[in-house]
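Below is one structure, written out as structure tokens; comments come after it.
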2 protein chains.
Amino acid sequence: MKTEGRRSETGVVTLLTWLSKALNRRTSEELLGMRLKAYLALGYVREHPGTTQHELESAMLMDANGVVIILNELEALGYSIRRRDPNDRRRHIVELTESGKRALEGADKARESIEDDVLATLTPDERETFRSLIQRVLDGLMQAVPEPRL
Amino acid sequence: MKTEGRRSETGVVTLLTWLSKALNRRTSEELLGMRLKAYLALGYVREHPGTTQHELESAMLMDANGVVIILNELEALGYSIRRRDPNDRRRHIVELTESGKRALEGADKARESIEDDVLATLTPDERETFRSLIQRVLDGLMQAVPEPRL
DNA sequence: TATTGTTATACTCTATAACTATA
DNA sequence: TATAGTTATAGAGTATAACAATA
């Protein structure tokens, strides 16, 4: 990627695109024990108990179809279950199984190890700064326009 | 995406994956005047004159096939040309056309405008910090293992 | 024989629309 | 009629391997 020799101002969009691609290459399915998407979805469900599929759609920036595919996959693995919302029987509430919680914790460890590797050039302080900056950018984006073009 | 209500330590891998996805949604083809991939490739060629396709492969984290597809696209638009390397006639050297340079400059402006929008929540100082942190992480990654798993 | 680039092919992902059930 | 979820299908994107030209 040879970014060191770059003239001066490679855009943040460009840099982030590359970084994300490099991250995806390292975050392999073997390490996580599941696909990255499944890990992200499972993590979201853990932080937001009682989530519906509709909420997952907007939260994960996926379409309804994609959510179904991921949940089918997670259920096949025994990591999550869908049950009907008694208050509105059109809705499905997504919940983690015990097995799913354990798998998620294992994947968390793998992710932390990947991050230690990826962020090796940063000091602990810089890592925290980096994390909080990304978080703030994300919060700003989500607050501004939840669904840019859909 | 609702990251504000999150427990505490959503991983950097997770945050970056979301951010990249949100960025892709905003960086539309109409705004850039070309696809994001084409823009990235064109930008790389500008910063690295005399690049071969093989170099583009590793630089852009693409396979040989993908490079061919992008270059076909760029040539069809009249933005770049391939010519044989006289020193090693197996190689193709990629160069920008005048039209390609102009298109790239236009895309740069669009990208800057997107970035202003995306990084709106950060102060100018924070933006520069953010940029340099990403840059350092990338440099570290590329230096450590140019091709993680290929 | 190894390397560079191309082509062909298959696989995955994403997006769209049609369908079912509930409201 | 509108919404939540599912299914089916088509298009784009990505990866694999076979191939041609050159070293």
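In what follows, every heavy atom counts, from backbone to side chain, and hydrogens, waters and symmetry copies are set aside. By convention in this document, chain letters (A, B, ...) are assigned in the order of the sequence lines, proteins followed by strands, and residues within each chain are numbered from 1. Bear in mind the structure is a predicted one, so any value in this text is a computation, not a measurement.
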Between [atom2] on [N] and [atom1] on [X], what's the gap in Å once rounded to a whole number?
X: B:Glu57; N: C:dG5; atom1: CD; atom2: P; answer: 7 Å
X: B:Met62; N: D:dG13; atom1: CE; atom2: C1'; answer: 12 Å
X: B:Ile70; N: D:dA15; atom1: CD1; atom2: P; answer: 12 Å
X: A:Asn72; N: D:dT6; atom1: CG; atom2: P; answer: 7 Å
X: A:Asp85; N: C:dA21; atom1: CG; atom2: P; answer: 19 Å
X: A:Leu71; N: D:dT7; atom1: CG; atom2: C1'; answer: 15 Å
X: B:Met60; N: D:dG13; atom1: CE; atom2: P; answer: 15 Å
X: A:Glu55; N: D:dA4; atom1: CD; atom2: C1'; answer: 14 Å

Legend entry - Positive for side chain to side chain contact (heavy atoms under 4.5 Å, CB included) with A:Leu133, one of B:Arg131, B:Arg127, B:Glu126: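 That would be B:Glu126.
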Legend entry - Check: B:Tyr44/B:Glu55 side-chain N/O donor and acceptor closer than 3.5 Å: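 Their side chains do contain a donor-acceptor pair, which is all the 3.5 Å distance test asks for.
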Inset, instruction - May I ask you to say what B:Asp88 touches in the nucleic acid, namely base, sugar-phosphate or nothing, with a heavy-atom cut-off under 4.0 Å? - result: sugar-phosphate
Legend entry - Separation between CD1 of A:Ile70 and CG of A:Leu56, rounded to the nearest 0.5 Å: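 Taking CD1 in A:Ile70 and CG in A:Leu56, the distance rounds to 10.0 Å.
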Legend entry - Separation of A:Asp85 CG from A:Thr52 OG1 (nearest 0.5 Å): 8.5 Å
Legend entry - Nucleotide of C:dA15, C:dG5, C:dT22 approaching B:His54 most closely (side-chain heavy atoms):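 The nucleotide sitting nearest to the side chain is C:dG5.
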Legend entry - Options C:dA15, D:dA23, C:dT4, nucleotide nearest the side-chain atoms of B:Arg25: C:dA15
Inset, instruction - Could you say whether A:Gln53 or B:Arg84 is positioned toward the 5' end of DNA chain D, judged by the nucleotide with the nearest heavy atom to each? - result: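 With A:Gln53 and B:Arg84 compared, the 5'-side residue is A:Gln53.
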Legend entry - Passing option when A:Asp108 is tested against A:Arg46, A:Lys101, A:Arg102 for salt bridge (charged side-chain N to carboxylate O under 4.0 Å, His left out):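 Running salt bridge (charged side-chain N to carboxylate O under 4.0 Å, His left out) over A:Arg46, A:Lys101, A:Arg102 with A:Asp108 returns exactly one hit, A:Arg46.
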Inset, instruction - For A:Asp63 and for B:Val67, find the nucleotide of DNA chain C with the closest heavy atom, then tell me which residue's nucleotide is more 5'. - result: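 This one resolves to B:Val67.
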Inset, instruction - On DNA chain C, check which nucleotide each of A:Arg35 and A:Arg90 is closest to and give me the residue with the more 5' one. - result: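 Looking at the nearest nucleotide for each, A:Arg35 comes out on the 5' side.
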Legend entry - Under 3.5 Å donor-acceptor pair, B:Asn65 side-chain atoms to D:dT14 base atoms: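 No such pair is found, so the answer is no.
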Inset, instruction - Please determine if a side-chain N or O atom of B:Lys37 lies less than 4.0 Å away from the OP1 or OP2 oxygen of D:dG13. - result: no
Inset, instruction - Look at the side-chain N and O atoms of B:Arg82 and state whether any lies under 4.0 Å from the OP1 or OP2 oxygen of C:dT6. - result: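 Yes, within the criterion.
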